[in-house]
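One structure is given here, and the rest of the page talks about it.
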There are 2 protein chains.
Amino acid sequence: MADIKTGANPLFLREEELRQCIELLFFAYRDFTAGPDEILKEYNFGRAHHRVIHFIGRNQGMTVSELLDILRITKQSLSRVLNALVEREIVEQRPGVVDRRQRLLYLTEEGKKLEQKISTIQRNQVAKAFVEAGGDAVAGYRKVLSGLINEEDREKALSRILER
Amino acid sequence: MADIKTGANPLFLREEELRQCIELLFFAYRDFTAGPDEILKEYNFGRAHHRVIHFIGRNQGMTVSELLDILRITKQSLSRVLNALVEREIVEQRPGVVDRRQRLLYLTEEGKKLEQKISTIQRNQVAKAFVEAGGDAVAGYRKVLSGLINEEDREKALSRILER
DNA sequence: AATATAAGTCAACATGGCTGACATAAAAAC
DNA sequence: GTTTTTATGTCAGCCATGTTGACTTATATT
């Protein structure tokens with residue numbers, strides 16, 4: 001089957017392979033967000049809330065600017081979601097000590113619980129995929145996905161992920 | 001740095017590693033959709049149109065039901081996007097020959113051009129990441145992402161991706 | 001002839017993006 | 001010490017894209 005293509009036109013196979021990998025990313029992302037969505041729905045939260053909870057959880061005490069830079073949305077968009085989370089006592093804001101203009105972001109105890117609940121699902125899902133795929137595969141996964149991150153801020157993103 | 005964690009609590013490292021891999025997926029997906037978004041904006045299309053164009057392009061003559069099943073959205077949501085694409089002569093609908101209730105979906109010549117334009121960007125982006133990461137990494141990437149797809153329809157999704 | 005299926009439509013609503021304009025407090029620069 | 005910049009927030013309105021529910025039409029299946 002592949003022989004025909006390989007023999008006749010290796011570039012076609014390459015294109016085909018690339019397209020497959022693109023689709024794989026679509027399907028994986030689609031199914032990877034489905035689990036959290038269910039739980040969030042119980043709380044009347046959406047995917048936007050999830051992202052905020054996730055990154056604050058990973059980065060307690062981060063500033064609003066930092067969060068905006070990660071999410072790549074406007075502050076008006078963030079504000080809606082963030083205010084809802086503060087109101088529901090999932091997220092807490094404290095003025096910065098060195099720069100009092102800043103409102104540093106923290107998960108409350110309840111927020112931590114929710115974060116834990118959601119992220120456990122995702123971690124189990126990833127863990128399962130990792131076990132099935134094996135350690136080398138995980139390394140490959142990391143390499144490729146790192147390479148997909150925009151070059152200009154790859155280091156920024158990766159250091160945010162890794163320096164912890 | 002990692003030594004402390006490794007020695008003291010290997011489970012923490014594992015959780016940490018999993019969290020990193022989750023974030024990697026977020027950042028990669030974020031930056032992977034940025035390129036197409038720019039082009040689509042010129043046409044006044046959005047990501048929803050992109051998905052439709054992509055899957056029809058990959059699967060000329062597919063039915064509406066099949067497309068709905070892939071996208072996991074309601075037919076009402078799809079209809080808005082699909083009608084726009086038909087009106088703009090990007091997508092064409094032809095009645096099925098064996099089952100005339102079906103409206104089989106095809107990209108027009110113009111649609112193919114647009115699809116090509118968008119997908120070239122993404123393929124280049126993926127190709128670059130693959131070259132940087134190496135062949136083994138690509139295999140790992142595929143394994144892990146396959147594992148992230150919902151088990152119930154993994155075969156369906158994968159066969160759709162691979163049987164071509 | 002009755003029922004089920006593929007597809008479409010109308011209407012109303014929710015979520016989460018966006019822009020633009022403006023406000024406030026605190027830090028930094030002059 | 002006054003001016004300017006920065007971090008954050010807010011109001012108002014728009015757009016894209018998802019949802020549910022109710023109903024229609026044509027065709028296939030039973």
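Here is how names work: the chains are called A, B, and so on, in the same order as the sequence lines, proteins then strands, and each is numbered from 1. No experiment lies behind these values; they were computed from the predicted model shown.
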Review point. Linking I/L/V/M/F/W/Y whenever any side-chain heavy atoms sit under 4.5 Å apart, do Ile149(A) and Val131(B) land together?
Key: no
In whole angstroms, how far is the [atom2] atom of [N] from the [atom1] atom of [X]?
X         : N       : atom1 : atom2 : answer
Arg80(B)  : dC10(C) : CZ    : C1'   : 12 Å
Leu82(B)  : dA6(C)  : CG    : C1'   : 14 Å
Asn44(B)  : dC18(C) : CG    : C1'   : 14 Å
Gln102(A) : dG9(D)  : CD    : C1'   : 15 Å
Arg30(A)  : dT17(D) : CZ    : P     : 19 Å
Arg94(B)  : dA6(C)  : CZ    : C1'   : 19 Å
His49(A)  : dG16(C) : NE2   : C1'   : 9 Å
Leu104(B) : dT27(D) : CG    : C1'   : 14 Å

Review point. For dT9(C), does OP1 or OP2 lie under 4.0 Å from any side-chain N or O of Asn83(B)?
Key: yes
**Study point:** Residue-phosphate contact under 4.0 Å: Arg103(B) side-chain N/O, dT27(D) OP1/OP2
**Key:** no
Practice item. Could you say whether Ser65(B) or Lys41(B) is positioned toward the 5' end of DNA chain C, judged by the nucleotide with the nearest heavy atom to each? Key: Ser65(B)
Exercise for review: Carefully, step by step, assess Asp136(A) and Lys143(B) under the rule salt bridge (charged side-chain N to carboxylate O under 4.0 Å, His left out).
Suggested key: CA-CA 10 Å; Asp136(A) 290 355; Lys143(B) 271 192 209 165; over 6 Å; no
Practice item. Indicate for each nucleotide in nucleotides 25-30 of chain C, in 5' to 3' sequence, whether protein heavy atoms under 4.0 Å reach the base (B), only the sugar-phosphate (S), or nothing (-). Key: -BS---
Point to revise | Atom of Gln125(A), atom of Asp31(A) and distance for their closest heavy-atom approach | key: NE2-O, 3.3 Å
Check your understanding: Which atoms form the tightest heavy-atom contact between Ser146(B) and Arg154(B), and what is the distance?
Key -> O-NE, 3.2 Å
**Study point:** Glu115(A)/Lys112(A) ion pair, N-O < 4.0 Å
**Key:** no
Point to revise | Carboxylate-amine/guanidinium contact Arg19(A) Glu15(A), below 4.0 Å | key: yes
Exercise for review: Have a look at Glu66(A) and say if it touches a base, only the backbone sugar-phosphate, or nothing, with a 4.0 Å heavy-atom cut-off.
Suggested key: nothing
Review point. Counting any heavy atom closer than 4.0 Å, what does Arg47(A) reach on the DNA or RNA strands: base, sugar-phosphate only, or nothing?
Key: sugar-phosphate
Revision key, fill the gap. So, with a heavy-atom separation below 4.0 Å from DNA chain C, the residues of residues 67-78 of chain B are Lys75(B), Gln76(B)
Review point. Taking the six-membered ring for Trp, are Phe130(A) and Tyr141(A) parallel (under 30°), tilted (30 to 60°) or perpendicular (over 60°)?
Key: perpendicular
Practice item. Classify the angle between the aromatic ring planes of His54(B) and His50(B) as parallel (below 30°), tilted (30 to 60°) or perpendicular (above 60°). Key: perpendicular
**Study point:** NZ or CZ of Arg94(B) within 45° of Tyr106(B) ring axis and under 6.0 Å
**Key:** yes
